[in-house]
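Notes follow once the structure below has been shown.
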2 protein chains.
Amino acid sequence: MFELSFAEENYLKAIYHLSADGKRQVNTNAIAERLETRPASVSDMIRKLSEKGVVTYVKYQGVNITEVGKKKALWVIRKHRLWEVFLVNKLNFHWDEVHDIAEQLEHIRSSLLISRLDEFLEFPKFDPHGDPIPNAEGIMSSNPMTILSELPIGKTAELVSMKDTGAVFLNYLDRTGLKIGSKINIVDKMEFDGSMEIMVDQDKTMSISKQVSDNLLVITE
Amino acid sequence: MFELSFAEENYLKAIYHLSADGKRQVNTNAIAERLETRPASVSDMIRKLSEKGVVTYVKYQGVNITEVGKKKALWVIRKHRLWEVFLVNKLNFHWDEVHDIAEQLEHIRSSLLISRLDEFLEFPKFDPHGDPIPNAEGIMSSNPMTILSELPIGKTAELVSMKDTGAVFLNYLDRTGLKIGSKINIVDKMEFDGSMEIMVDQDKTMSISKQVSDNLLVITE
DNA sequence: CGGAATTTTTAGATTAACCTAAATTTTTAT
DNA sequence: ATAAAAATTTAGGTTAATCTAAAAATTCCG
Ligand SMILES: [Mn+2]
Ligand SMILES: [Mn+2]
Ligand SMILES: [Mn+2]
Ligand SMILES: [Mn+2]
């Protein structure tokens, strides 16, 4: 398998993200804006990427990422998101301060490193922003996120994201010990005020208000 | 503070290592050989580095690293060695397979990342190869390593390196749980065969033969 | 529709980090 | 001391990734 340069990886990732919203054709200007480069530079790079077979491209008609390109992009995204989990879960960074470091770490080349990191982090399925982490084959969970408050008694779910990302709410979560990746078991729900009794990580039970459970995004198996 | 490119960091690190052996002048050819580049490329880069003030240089007379240059080199070395500790202690790599990955990781820019990593690793003083890790100010332990078997009863020491690095010995250490960074307390020494009773990490005591303690390099406080 | 606006590409430069080949300086050794 | 050998620098190129300015294609709209 051929290797891509850092710049090529960044372009490919941008193209992947811009086309992931269902859109087929990705425009030169959109790529330039996302990467903070000039359209002329994008034209140059696109030609190079199409020669390498990771995008197809008809002049003036925009680019399409190929299957090979998608695989390459997803591999970079996998690395990015795993490093973000590492920074937040192991080095105590806040989820809003890890992106720039992950932008650098995502280019480190070693698949053994990444599989070991994945294992060390206990195979997380979502990054600290709630985005799914592709597996080694580039497949990621399409399991839709649901709001914790909507689940019935007895369900087990994994916390993957928060709706409210304000400092006050995050601080509250810090104190309860709830964090991305926590396994939540719904023990009881009170009709009176909508609060629920949950068990976190098969460990401790606590009561959370409806206001809290409305802001927790989870996935069920 | 100005930033150096990856290539500049690699040159500076090579120059630092080549002059660390007490030698003052570092030769163009020596740098070229170490970095697997051509002497002509080294000449180019040296001019650039001297303009940035990290080396001084008189044509045909070799280079000297400056204090500023030394500080920059030690910062890269600190990152390299901390990442090596991470790879070995946390991701279960073997000490002989981490160098190439650390060569990449050493260029990641974020001093907060490094201080968090240092903390996460519990402030190691030596890397998995027994080389000292500079602190944030670029100072590293010059505490000489001694052979464990030479220490008297009652001493506490930290395991920093092994003399015998063969698979058989390393395998033995794996099984005993002894590893770089372990705190070793000498509980007793047997005159009969030179074996010693040690306590590892204030946790479990064990007996090791003289053949083993002869191959363990430690530092005392 | 057909010109104006927008988007995209091309042309021509620049910078960093390399290279080879040739020139120059220093060192070594008769 | 001087010629040969070795080390080093310079000259002149290349490639990757960027840029500005200008040309060309596409899209928009009165
Ligand atoms: Mn990110
Ligand atoms: Mn993310
Ligand atoms: Mn190393
Ligand atoms: Mn090392």
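Chain identifiers are assigned alphabetically (A, B, ...) following the order of the sequence lines, protein sequences preceding nucleic acid strands; residue numbering begins at 1 within each chain. Hydrogens, waters and symmetry mates play no part in the numbers below; they use all other heavy atoms, side chains included.
At C/dT9, one or more side-chain N or O atoms of A/Ser43 fall inside 4.0 Å of OP1 or OP2 (strictly under the cut-off). Using a 4.0 Å cut-off, some side-chain N or O of B/Tyr11 falls inside it from OP1 or OP2 of C/dC18.
Distances from the side chain of A/Pro39 to the nucleotides C/dT9, D/dC19, D/dT10 place C/dT9 closest. The side chain of B/Thr37 lies closest to C/dC19 when the candidates are C/dC19, D/dA7, D/dA21. With distances taken from any side-chain atom of B/Thr28 to the nucleotides C/dT8, D/dT8, C/dC18, the minimum falls on D/dT8. The side chain of B/Asp44 has C/dC19 as its nearest neighbour among C/dC19, C/dA11, D/dT18. Across D/dT18, C/dT20, C/dT9, the shortest atom-to-atom separation from the side chain of B/Arg38 is found for C/dT20.
Ring to ring, A/Tyr11 and A/Tyr16 are not that close: their centroids are 6.0 angstrom or more apart.
Residue-level contact check: A/Asn27 touches the backbone only, with heavy atoms under 4.0 Å from sugar-phosphate atoms and none from bases. B/Ala7 comes within 4.0 angstrom of sugar-phosphate atoms only, judged by non-hydrogen atoms across all strands, and of no base.
Annotation: side chain to side chain donor-acceptor pair (under 3.5 Å) contacts involving residues 121-133 of chain B, sequence neighbours excluded, comprise B/Glu84-B/His129.
With B/His80 as the fixed residue, the ring pair (Phe, Tyr, Trp, His ring centres under 6.0 Å) test singles out one of B/His99, B/His107, B/His17: B/His99.
Of all the residues in residues 50-59 of chain A, not one reaches under 4.0 Å from DNA chain D with any non-hydrogen atom.
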